[in-house]
Number of protein chains: 2
Amino acid sequence: MKAPAELTAKFRASGLKVTPQRQLLFRLMHENKSHPTADSLFSVASVHMPGISLRTVYQTLTDLSSMGELRLIDVGSGATRFDPNIDDHHHLVCQSCGDVRDVYVSGSGQLDVNELDGFSVDTTTILFHGLCTPCRATQEVSSTVAEPLVGISKSNTSSKNTTNPKERMS
Amino acid sequence: MKAPAELTAKFRASGLKVTPQRQLLFRLMHENKSHPTADSLFSVASVHMPGISLRTVYQTLTDLSSMGELRLIDVGSGATRFDPNIDDHHHLVCQSCGDVRDVYVSGSGQLDVNELDGFSVDTTTILFHGLCTPCRATQEVSSTVAEPLVGISKSNTSSKNTTNPKERMS
DNA sequence: TTCTTTCTTCGCAAGACCTGCAGATTAGCA
DNA sequence: TGCTAATCTGCAGGTCTTGCGAAGAAAGAA
Ligand SMILES: [Mn+2]
Ligand SMILES: [Mn+2]
Ligand SMILES: [Zn+2]
Ligand SMILES: [Zn+2]
């Protein structure tokens, strides 16, 4: 994603107005490596500009991605995450805390794919699911009883939606 | 996913009952290559068993995945897709019609990943986004005017949720 | 500066997907 | 046949996201 000043120019060149809300979001997203959700970005934005609406955050993020300044990432955690890094890169997703980190992969173009027959590939998305260092440390301590492999556990142990991205913003 | 008869045994062995609803779903999912959503499976099931509830379809699919008989796939199209193929494989996703196809990738383990520093990878998910053969043919015909690279298109041209998986079931 | 036009913001309703709940029902077994 | 735990269904509720329109504000003209 371009720097705030450049985005300002780009927006005006496109006939879009540059509002205080948009400027704030430009600043909050610039070089933001946390892959925030709209809601977590809204929380942070609200501190700087009380009264800003979640609707406006969604709107601006959508606008930025329409202009190719932002990438939308779906790591399967429910909410879409927004990424100002538009380089060709992939993601590491912590299954415990939900953290998302950039990872640069070489050789993804040379993946041997069988039976493509006719399907033309445009983009490739790779997600590495695992544990980040802090979470791995925690896991080692409390790993006494293993989860049964078969049997229906009605208690949901997955980390889906248990993480609060609001507390992981830069 | 195991065959219906084996699932029947497995369910009973786990203290779970084998109801007509479950048997139907076992049959509909067995060797089903369409990666259906709960809702699309519900539509098909409703034809065979009018009155079956969407809630039961969700429940049974959840049970099956808890037992490791089904994989949950998130291709970013909103609804979770269910996959009876539990082999190590990845997916081709058509950006136009939403179709999901299996693809076997060799060499995914040897992806060069930089700066993993401490992150331990458990599973890798690869999605190839592109166009299936039928959709590519359609695209070629109607590709006269290119989409502007910059500028906010308020008309949503994305294929998200425009596809009806109900009509793609086997 | 003031006016005018067009775009934006905000708040709320609504849609899509999924899960919790509980009363009615039924599979599995003695 | 009868009992009991498991299941099914319908619906309410939760989360994430988008549609809508009245009120407000940016940008350029006068
Ligand atoms: Mn990223
Ligand atoms: Mn598959
Ligand atoms: Zn973690
Ligand atoms: Zn297609």
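Numbers restart at 1 for each chain; the letters A, B, ... are given by sequence-line order, proteins then strands.
- Atom CD of A:Gln21 and atom C1' of D:dA23 are 13 Å apart (whole Å).
- In this structure B:Thr8 satisfies the side chain to side chain donor-acceptor pair (under 3.5 Å) test with no other residue, sequence neighbours excluded.
- The side chain to side chain donor-acceptor pair (under 3.5 Å) search around A:Gln23 returns none, not counting sequence neighbours.
- Checked against C:dC18, C:dT9, D:dT17, the side chain of A:Thr60 finds its nearest nucleotide in C:dT9.
- With sequence neighbours left out, the salt bridge (charged side-chain N to carboxylate O under 4.0 Å, His left out) criterion links B:Asp117 to A:Arg101.
- For A:Phe26, the ring-ring contact (aromatic ring centres under 6.0 Å, His included) partners at least two apart in sequence or on another chain are A:Phe11.
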N/O-N/O pairs, protein side and nucleotides 28-30 of chain C side, under 3.5 Å:
unit_1: C:dG28; atom_1: OP1; unit_2: B:Arg12; atom_2: NH1; d: 2.5
unit_1: C:dG28; atom_1: OP1; unit_2: B:Val18; atom_2: N; d: 3.0
unit_1: C:dG28; atom_1: OP2; unit_2: B:Arg12; atom_2: NH1; d: 3.1

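- Panel note: side chain B:Ser40, backbone B:Pro36; no donor-acceptor pair is recorded below 3.5 Å.
- Residue A:Thr80 places at least one side-chain N or O under 4.0 Å from the OP1 or OP2 atom of D:dT17.
- Taking atom CG of residue B:Asp39 and atom P of nucleotide C:dC18, one finds them 9 Å apart after rounding to whole Å.
- Straight-line distance from the CG atom of B:Leu72 to the C1' atom of C:dC17: 13 Å, rounded to whole Å.
- The separation between B:Leu25 atom CG and D:dT7 atom P is 14 Å, rounded to whole Å.
- Residues passing the side chain to side chain donor-acceptor pair (under 3.5 Å) test with A:Ser53 are A:Thr56, sequence neighbours excluded.
- Distance CG/B:Leu127 to OG1/A:Thr124: 9.0 Å, rounded to 0.5 Å.
- One can place OH of B:Tyr58 at 15 Å from P of D:dG10, the figure rounded to the nearest angstrom.
- Contact check of residues 48-55 of chain B against DNA chain D (heavy atom, cut-off under 4.0 Å) returns B:Gly51, B:Ile52, B:Ser53, B:Arg55.
- Taking atom CG of residue B:Asp63 and atom P of nucleotide C:dT19, one finds them 12 Å apart after rounding to whole Å.
- Residues meeting the side chain to side chain donor-acceptor pair (under 3.5 Å) test with B:His90, sequence neighbours left out: none.
- Not counting sequence neighbours, the partners of A:His89 by the ring-ring contact (aromatic ring centres under 6.0 Å, His included) test are A:His91, A:Tyr104.
- Taking atom CD of B:Gln59 as the reference point, atom P of C:dA22 lies 15 Å away to the nearest angstrom.
- Following rounding to the nearest Å, B:Phe42 (CZ) and C:dA16 (C1') show an atom-to-atom distance of 15 Å.
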